[in-house]
Amino acid sequence: MAFLQPRFPLAQLPTPLHRAHRLEAALGVGPLLLKRDDLIGFGLAGNKTRPLEFLLGAARAEGADVFVTGGGPGSNFCPAAAMAARAAGLDCELVVWGDPAGAPNLALAVAAGATLIPTGDTNREAVDVLVAERAATLRAAGRRPYAVPRGGSTALGAVGFAAAAVELAQQLDEEPALIVLAVGSGGSSAGLMAGLAAAGLDTPVLGVSVSRPPAEIAAHVQELAAGCAALLGTPAPRAPEIIDARGPGFGTATRRERERARLALHTEGLLLDETYGAEAFSAAVDQLEAGSGPVLYWHTGGLLPATTSIMKGTT
Ligand SMILES: Cc1ncc(COP(=O)(O)O)c(C=O)c1O
């Protein structure tokens, strides 16, 4: 199907899809398929490249001159947004909670040309309101802002992952029994649900929530998925199953999750971050061990700073 929304191309698509034979042998389970959005080819931005293509497409179509969004010290989206905005010829302003000092992801965003606006506290939820307020201030000063909430998770941003589902449908020889991916702000899984429905696939999806209670994020994903399908004019998507992988806290994996991430590194050269990847990958292995049949793990990327404890072998 064609996606008619304006799109600013950033990614090298399709991202690879392949079997993880060495990992299967090491784990003693399978088949395990990997969809490699970590190799998406735009500034280590991983899965977030996909919504940004449509968000920047809309921003440019509206004649915007500054992209306004936000996040926290460990955000992958902030540097991705900064790089994408600059590539599209826009300025970028980022409202950030927490302490930006010494945060490599935010340093990268600044190096890419973004301006940080620290909130001065650790309230994550307040960021989206402050993003809208900053956009209003910029507009009053004669600028043309395009503002999006944390993670770029809007119905339009989700179109990026709907397109990814159609991309996947074209790559698959056989439908897997299950697709597993990490869930943060929900836009990726929402778009995936909408895109699978659009492609006529009813493959179940297991969302692995790393930051929000499953019931809360499931409702949000469902709303975003419905909004995305409405934009595309495609059938109503099914709801994903969402499990709780918050574990020891946001950005910290359990010992087992880290061990499995190290195994993925040793056997396949697969770099999983401790915020999203290690948790979601481990959930995929749980499913294989439970005998669910062929599992597709959607590797969403994640920046290097969050992989360090896995590299050191810290447990
Ligand atoms: C590496 C990685 N994986 C998964 C996600 C979750 O995506 P979403 O916020 O669309 O749920 C993020 C979000 O920033 C991410 O950076």
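Keep in mind that this is a model prediction, so the values were computed, not measured.
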Q: With ring centroids as reference points, do Trp298 and Phe281 lie under 6.0 angstrom apart?
A: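 Centroid distance Trp298-Phe281: not below 6.0 Å, so no.
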
Q: Does the Glu268 side chain pair with the main chain of Leu23, one donor and one acceptor, at a distance under 3.5 Å?
A: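 Yes, Glu268 side chain to Leu23 backbone: donor-acceptor pair under 3.5 Å.
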
Q: Do Asp65 side-chain atoms and Arg143 backbone N/O form a donor-acceptor pair below 3.5 Å?
A: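 Checked: no pair found.
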
Q: Under a 4.5 Å cut-off applied to non-hydrogen side-chain atoms, are Leu231 and Val159 in contact?
A: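 A side-chain contact exists here, since the closest heavy-atom pair is under 4.5 Å.
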
Q: Could you measure the distance from the OG1 atom of Thr267 to the CG atom of Leu270? Nearest 0.5 Å is fine.
A: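 CG of Leu270 is found 7.5 Å from OG1 of Thr267.
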
Q: Same hydrophobic cluster for Met193 and Phe3, using side-chain heavy-atom links shorter than 4.5 Å among ILVMFWY?
A: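 No.
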
Q: Do Leu55 and Tyr146 have side chains that get closer than 4.5 Å, going by heavy atoms?
A: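 Side chain of Leu55 against side chain of Tyr146, heavy atoms only: contact under 4.5 Å found.
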
Q: Any side-chain heavy-atom pair from Arg36 and Leu17 closer than 4.5 angstrom?
A: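 No, too far: nothing below the 4.5 Å cut-off.
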
Q: Does Arg124 make a cation-pi contact with Phe250, if we ask for NZ or CZ under 6.0 Å from the ring centre and within 45° of the axis?
A: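 Arg124 over Phe250 ring: yes.
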
Q: If every non-hydrogen atom of Ala194 is compared with every non-hydrogen atom of Ala225, which pair is closest and at what distance?
A: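 It is CB-O, 3.9 Å.
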
Q: Minimum heavy-atom separation for Ala85 and Phe67, please, with both atom names.
A: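 Closest heavy-atom pair between Ala85 and Phe67: CB-CB, 3.9 Å.
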
Q: Could you walk me through whether Arg139 and Glu62 pass the salt bridge (Lys or Arg N to Asp or Glu O under 4.0 Å) check?
A: CA-CA 13 Å; Arg139 197 169 292 111; Glu62 280 181 16; over 6 Å; no

Q: Report whether Leu130 and Leu138 are members of the same hydrophobic cluster (ILVMFWY, side-chain heavy atoms less than 4.5 Å apart, transitive linking).
A: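 Leu130 clusters together with Leu138.
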
Q: Would you mind reporting whether Arg256 and Asp286 have side-chain heavy atoms less than 4.5 Å apart?
A: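 They are in contact (side-chain heavy atoms under 4.5 Å apart), so the answer is yes.
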
Q: Okay, side chain of Gln12, backbone of Phe42: is any donor-acceptor separation there less than 3.5 Å?
A: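 Not a single qualifying donor-acceptor pair exists.
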
Q: Is there a donor-acceptor contact under 3.5 Å from the side chain of Arg86 to the main chain of Gly113?
A: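 Judged by distance alone, no pair lies under 3.5 Å.
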
Q: Check whether Leu32 and Leu206 end up in the same hydrophobic cluster, where Ile, Leu, Val, Met, Phe, Trp and Tyr are linked by side-chain heavy atoms less than 4.5 Å apart.
A: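 Yes; tracing contacts between hydrophobic side chains, which count when under 4.5 Å, links both residues.
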
Q: Taking atom CG of Leu296 and atom OG1 of Thr203, what is their separation to the nearest 0.5 Å?
A: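 Between Leu296 CG and Thr203 OG1, I get 9.0 Å after rounding to 0.5 Å.
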
Q: Passes side-chain contact (heavy atoms from CB on, under 4.5 Å), Cys78 versus Thr69? Steps please.
A: CA-CA 8 Å; Cys78 283; Thr69 186; 5.7 Å; no

Q: Any donor-acceptor pair under 3.5 Å linking the side chain of Ser282 with the backbone of Glu279?
A: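 No.
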
Q: Start with the C-alpha distance between Lys48 and Asp37, add both sets of side-chain angles, then the distance that settles salt bridge (Lys or Arg N to Asp or Glu O under 4.0 Å), and finish with yes or no.
A: CA-CA 9 Å; Lys48 289 298 165 181; Asp37 274 12; over 6 Å; no

Q: Over all heavy atoms of both residues, which pair between Ala59 and Leu90 is shortest? Give the atoms and the distance, please.
A: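 Heavy atoms of Ala59 and Leu90 come nearest at CB-CD2, 3.9 Å.
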
Q: Through direct or indirect side-chain contacts below 4.5 angstrom among Ile, Leu, Val, Met, Phe, Trp and Tyr, which residues connect to Leu94?
A: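 Under the 4.5 Å side-chain rule, Leu94 groups with Val96, Leu106, Val110, Leu116.
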
Q: Quiz question: by atom type and distance under 3.5 Å, do the side chains of Thr252 and Arg258 form a donor-acceptor pair?
A: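 Thr252 vs Arg258: no donor-acceptor pair found between side chains.
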
Q: Any non-hydrogen side-chain atom of Val180 less than 4.5 Å from a side-chain atom of Val208?
A: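 Yes, close enough: below the 4.5 Å cut-off.
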
Q: Closest heavy-atom contact between Gln222 and Pro237?
A: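 Distance-wise, the nearest heavy atoms are NE2-O, 3.7 Å.
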
Q: Carefully, step by step, assess Ser189 and Leu181 under the rule side-chain contact (heavy atoms from CB on, under 4.5 Å).
A: CA-CA 7 Å; Ser189 42; Leu181 87 167; 4.1 Å; yes

Q: Would you say that more than 12 heavy atoms from the other residues, nucleotides or ligands in this model lie under 6.0 Å from the CG of Leu44, or not?
A: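 Check fails, neighbour count at 12 or below.
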
Q: So, the side chain of Arg212 versus the backbone of Ile217: is there a donor-acceptor pair under 3.5 Å, distance only?
A: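 No, the answer is negative, given that no donor and acceptor are paired below the 3.5 Å cut-off.
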
Q: Does Glu53 use its side chain to pair, donor to acceptor, with the backbone of Leu10 at less than 3.5 Å?
A: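 Answer holds: yes.
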
Q: Does the side chain of Leu196 reach to within under 4.5 Å of the side chain of Arg238, using non-hydrogen atoms?
A: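 Leu196 does not reach Arg238 side chain to side chain.
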
Q: Hydrophobic clustering (ILVMFWY, side-chain heavy atoms < 4.5 Å, transitive) - are Val295 and Leu272 grouped together?
A: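 Yes, Leu272 connects to Val295 through the hydrophobic network.
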
Q: Roughly how far apart are Phe54 CZ and Arg7 CZ, rounded to 0.5 Å?
A: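 Nearest 0.5 Å value for the CZ-CZ distance: 4.0 Å.
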
Q: Has the side chain of Ser153 got a donor or acceptor atom that lies under 3.5 Å from a matching backbone atom of Gly187?
A: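 Side chain of Ser153 to backbone of Gly187, a donor-acceptor pair under 3.5 Å: yes, one is there.
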
Q: How long is the span from the OG1 atom in Thr300 to the CG atom in Asn76, to the nearest 0.5 Å?
A: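 If we round to the nearest 0.5 Å, Thr300:OG1 and Asn76:CG are 8.0 Å apart.
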
Q: Can a donor-acceptor pair be found, under 3.5 Å and without considering hydrogens, that links the side chain of Glu274 to the backbone of Ala253?
A: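 At least one qualifying donor-acceptor pair exists.
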
Q: Looking at side-chain heavy atoms only, is the closest gap between Arg60 and Pro6 below 4.5 Å?
A: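 Heavy-atom side-chain distance check fails, nothing below 4.5 Å.
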
Q: Find the distance between OH (Tyr276) and CG (Asn47) and round it off to the nearest 0.5 Å.
A: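 Here the interatomic distance stands at 8.5 Å.
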
Q: Please find the pair of heavy atoms, one from Ala197 and one from Pro235, that lie closest to each other, and give the distance.
A: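 Looking at all heavy atoms of both residues, the closest pair is CB-O, 3.9 Å.
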
Q: Roughly how far, to the nearest 0.5 Å, is the OG1 atom of Thr137 from the CD atom of Glu93?
A: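 It is 9.5 Å, given to the nearest 0.5 Å.
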
Q: Please test Leu271 against Leu265 for side-chain contact (heavy atoms from CB on, under 4.5 Å), starting from the C-alpha separation and ending with a verdict.
A: CA-CA 6 Å; Leu271 214 46; Leu265 182 60; 3.7 Å; yes

Q: Do Gln170 and Pro14 make a side-chain contact, defined as non-hydrogen atoms from C-beta onward lying under 4.5 Å apart?
A: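 A side-chain contact under 4.5 Å is absent here.
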
Q: Any side-chain to backbone donor/acceptor pair from Asp128 onto Pro149? Under 3.5 Å, distance only.
A: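 A pair under 3.5 Å: no.
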
Q: Do Leu33 and Glu174 pass the side-chain contact (heavy atoms from CB on, under 4.5 Å) test, and can you show the C-alpha distance, the side-chain angles, and the key distance before you say yes or no?
A: CA-CA 11 Å; Leu33 283 159; Glu174 272 175 56; over 6 Å; no

Q: Taking all non-hydrogen atoms of both residues into account, name the closest pair between Ile40 and Gly46 and its distance.
A: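 Here Ile40 and Gly46 meet closest at CG2-O, 3.5 Å.
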
Q: Is it true that Trp97 and Val68 fall in one hydrophobic cluster, defined by side-chain heavy atoms closer than 4.5 Å?
A: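 Yes, one cluster joins them.
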
Q: Picking from Glu167, His18, His299, what satisfies side chain to side chain donor-acceptor pair (under 3.5 Å) with Lys35?
A: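 Checked Glu167, His18, His299 against Lys35; only one passes side chain to side chain donor-acceptor pair (under 3.5 Å): Glu167.
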
